[in-house]
Amino acid sequence: MILQDYYNQYYLKLQKLYEPGEAQSIANWVFEEVLLIKPHQIKLLNKYLTEGEENILEAILGRLLNAEPVQYILGYAWFYGHKFKVTPQVLIPRNETEELVELVITTLQNNNSQGPLKLIDIGTGSGCIAISLQLALPHLKVSGIDKSTEALALATKNAAELGTNVIFSVEDILEPSDALSNELFDVIVSNPPYILLDEQEGMENNVTQFEPHEALFVTNKNPLQFYIAIADYAKKCLKNQGYLFFEIHQDYGLQTAEMLRSKGFVEVKVMKDINGNDRMIVCQNA
């Protein structure tokens with residue numbers, strides 16, 4: 001079949017599951033990955049697809065129409081300008097989390113935070129936050145923790161492929177080890193689980209069926225479970241005037257801020273994302 005005709009059919013089939021803009025973006029990504037051509041070339045090339053090419057594209061289409069995320073199918077995602085390996089053992093990096101990374105970078109640059117600052121990313125997953133921060137701010141000494149050994153194996157590969165020396169270790173922040181509790185940091189950053197279990201019904205199948213639930217959901221009775229645990233850890237292990245950064249649930253910004261103030265953190269600021277939702281918090285240890 002001619003490339004242009006096949007692409008048009010592919011794009012239309014994807015619209016059964018995705019909005020037109022997202023369907024086009026996914027189709028472009030898949031065709032570029034499989035055929036090594038840019039989206040604008042599809043209309044220009046008078047090319048017939050080989051049987052092998054069609055078979056590969058059809059196999060991917062079947063998985064896409066089953067709601068499997070394209071990032072898991074292709075094995076990578078783009079985050080803050082860098083290519084990260086992803087598997088179903090880690091969350092797919094989101095645009096909102098790029099805004100968290102940007103907030104950390106801007107805050108540290110504006111406060112002339114130079115020198116060998118120590119930063120820890122709690123619940124690092126694929127390592128996208130920790131690695132992106134070290135690439136942007138090479139003077140940082142960055143580490144990342146997660147309780148998933150599978151996630152940390154992937155994060156370690158990402159760090160090596162992107163040329164960083166981020167150190168990853170297995171830790172559960174709900175029960176931090178003595179070794180972790182005896183370290184001091186200048187910066188703590190985290191995008192912990194914050195979606196309530198009750199919210200699953202309104203979410204897309206490509207999230208609920210494929211992404212790791214332990215990295216997404218918290219119980220309805222204790223929505224701030226991880227924020228409280230990390231705040232308690234930060235009170236012991238964050239240096240005076242050190243920064244704590246969170247990505248947050250849009251409905252719990254004020255509640256999270258009040259919790260942090262009650263524990264003695266100062267300069268607590270709730271920040272909105274590009275869509276106008278409460279999405280980030282930055283504060284300092286008194």
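Just so it is clear, the values below take in all heavy atoms, side chains as well, and ignore hydrogens, waters and symmetry mates.
Taking 4.0 Å as the cut-off between side-chain N and carboxylate O, R63 and E58 do not count as a salt-bridged pair. Taking a cutoff of 4.0 Å between a charged side-chain nitrogen and a carboxylate oxygen, E161 and K85 qualify as a salt bridge. Ion pairing between a basic and an acidic side chain is recognised when a charged N comes within 4.0 Å of a carboxylate O; E247 and R279 show no such pairing. Salt bridge annotation for K118-D186: absent, with no cationic side-chain nitrogen under 4.0 angstrom from a carboxylate oxygen.
Contact annotation: the side chain of K269 never approaches that of I281 to less than 4.5 Å [non-hydrogen atoms, C-beta and beyond]. Using a 4.5 Å heavy-atom threshold, the side chains of Y252 and D278 count as separate. With a 4.5 Å cut-off on side-chain heavy atoms, E68 and N206 do not count as touching. By the 4.5 Å heavy-atom criterion applied to side chains, E53 and K47 are counted as neighbours. Side-chain atoms of V142 and T164, non-hydrogen and from C-beta on, never get closer than 4.5 Å to each other. Between V270 and M280 there is no side-chain heavy-atom pair separated by less than 4.5 Å. Residues V189 and I120 form no side-chain contact, since every pair of their non-hydrogen atoms from C-beta on lies 4.5 Å or further apart. By the 4.5 Å heavy-atom criterion applied to side chains, L152 and T149 are not counted as neighbours.
Side-chain contact of N220 with D198: a donor-acceptor pair under 3.5 Å is present, judged by distance alone. No side-chain donor-acceptor contact under 3.5 Å links Q134 and H139. When only modelled atom types and interatomic distance are considered, T219 and Q225 share no side-chain donor-acceptor pair under 3.5 Å. Q89 and T87 are linked by a side-chain donor-acceptor pair at a separation below 3.5 angstrom, with hydrogens and angles left out of the test. Looking only at atom types and distance, the side chain of N28 has no donor-acceptor partner in the side chain of Y11 under 3.5 Å away. Side-chain N/O atoms of K239 and N285 include no donor and acceptor closer than 3.5 Å.
For the pair K157 and F84, the cation does not sit on the ring face, since its NZ or CZ is not both under 6.0 Å from the ring centre and inside 45° of the axis. Annotation: cation-pi pair K83/Y76 present, NZ/CZ under 6.0 Å from the ring centroid and within 45° of its normal.
Taken from CG in L49 to CD in Q4, the straight-line distance is 11.0 Å, to the nearest 0.5 Å. We find the CG-CG distance between L65 and L17 to be 6.5 Å, quoted to the nearest 0.5 Å. With values rounded to the nearest 0.5 angstrom, E54 atom CD is found 8.0 Å from E51 atom CD. Distance CG/L244 to CD1/I188: 6.0 Å, rounded to 0.5 Å. Here the straight-line distance linking atom OG of S190 with atom CD1 of I230 works out to 3.5 Å at 0.5 Å rounding. For the atom pair CG of D273 and CG of L103, the computed distance is 12.0 Å after rounding to the nearest 0.5 Å.
Ring geometry, F31 versus Y10: the interplanar angle exceeds 60°, so the pair is classed perpendicular (tilted spans 30 to 60°). Using cut-offs of 30° and 60° for the angle between ring planes, the Y80 and H82 rings count as tilted.
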Tell me, with the steps shown, if E32 and K38 meet salt bridge (charged side-chain N to carboxylate O under 4.0 Å, His left out). CA-CA 6 Å; E32 183 174 353; K38 298 295 183 181; 2.8 Å; yes

For a side-chain contact (heavy atoms from CB on, under 4.5 Å) check, start with the C-alpha distance between Y243 and N111, then their side-chain angles and the critical distance, and finish with the verdict. CA-CA 11 Å; Y243 288 98; N111 288 276; 3.0 Å; yes

Start with the C-alpha distance between F217 and L196, add both sets of side-chain angles, then the distance that settles side-chain contact (heavy atoms from CB on, under 4.5 Å), and finish with yes or no. CA-CA 6 Å; F217 296 108; L196 275 62; over 6 Å; no

Could you walk me through whether K236 and E183 pass the salt bridge (charged side-chain N to carboxylate O under 4.0 Å, His left out) check? CA-CA 9 Å; K236 295 186 295 183; E183 283 199 71; over 6 Å; no

Show your reasoning for whether side-chain contact (heavy atoms from CB on, under 4.5 Å) applies to Q109 and L137. CA-CA 9 Å; Q109 288 177 335; L137 301 171; 3.9 Å; yes

Assess the residue pair E199 and H249 against the criterion (side-chain contact (heavy atoms from CB on, under 4.5 Å)); give the C-alpha distance rounded to whole Å, side-chain angles, the decisive distance to 0.1 Å, and a yes or no. CA-CA 12 Å; E199 295 179 284; H249 191 300; 3.0 Å; yes

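For F226 and Y194, the ring centers sit 6.0 Å or farther from each other.
Of the options I129, I145, V166, a side chain to side chain contact (heavy atoms under 4.5 Å, CB included) to D121 is made by I129 and by none of the others.
Within 6.0 Å of NZ on K263 lie more than 12 heavy atoms contributed by other residues, nucleotides or ligands.
Contact detail for V218 and P193: the closest heavy-atom pair is CG1-O, 3.4 Å. The two residues K13 and L61 come nearest to each other via the heavy atoms CD-CD2, 3.7 Å. In terms of heavy-atom proximity, G253 sits nearest to I248 at CA-CD1, 3.5 Å. Closest heavy-atom contact between L3 and I37: CD2-CD1, 3.6 Å. The minimum heavy-atom distance between F168 and A130, with the atom names listed, is CE2-CB, 4.4 Å. Smallest separation of non-hydrogen atoms from S126 and I131: O-CD1, 4.3 Å.
Considering only residues two or more places apart in sequence or on other chains, E204 meets the salt bridge (Lys or Arg N to Asp or Glu O under 4.0 Å) condition with none of them. Take S148 and apply the side chain to side chain contact (heavy atoms under 4.5 Å, CB included) test, not counting sequence neighbours, and it matches D146, E150, A151.
The cluster map of Ile, Leu, Val, Met, Phe, Trp and Tyr, joined by side-chain heavy atoms under 4.5 Å apart, puts M259 and F245 in different clusters.
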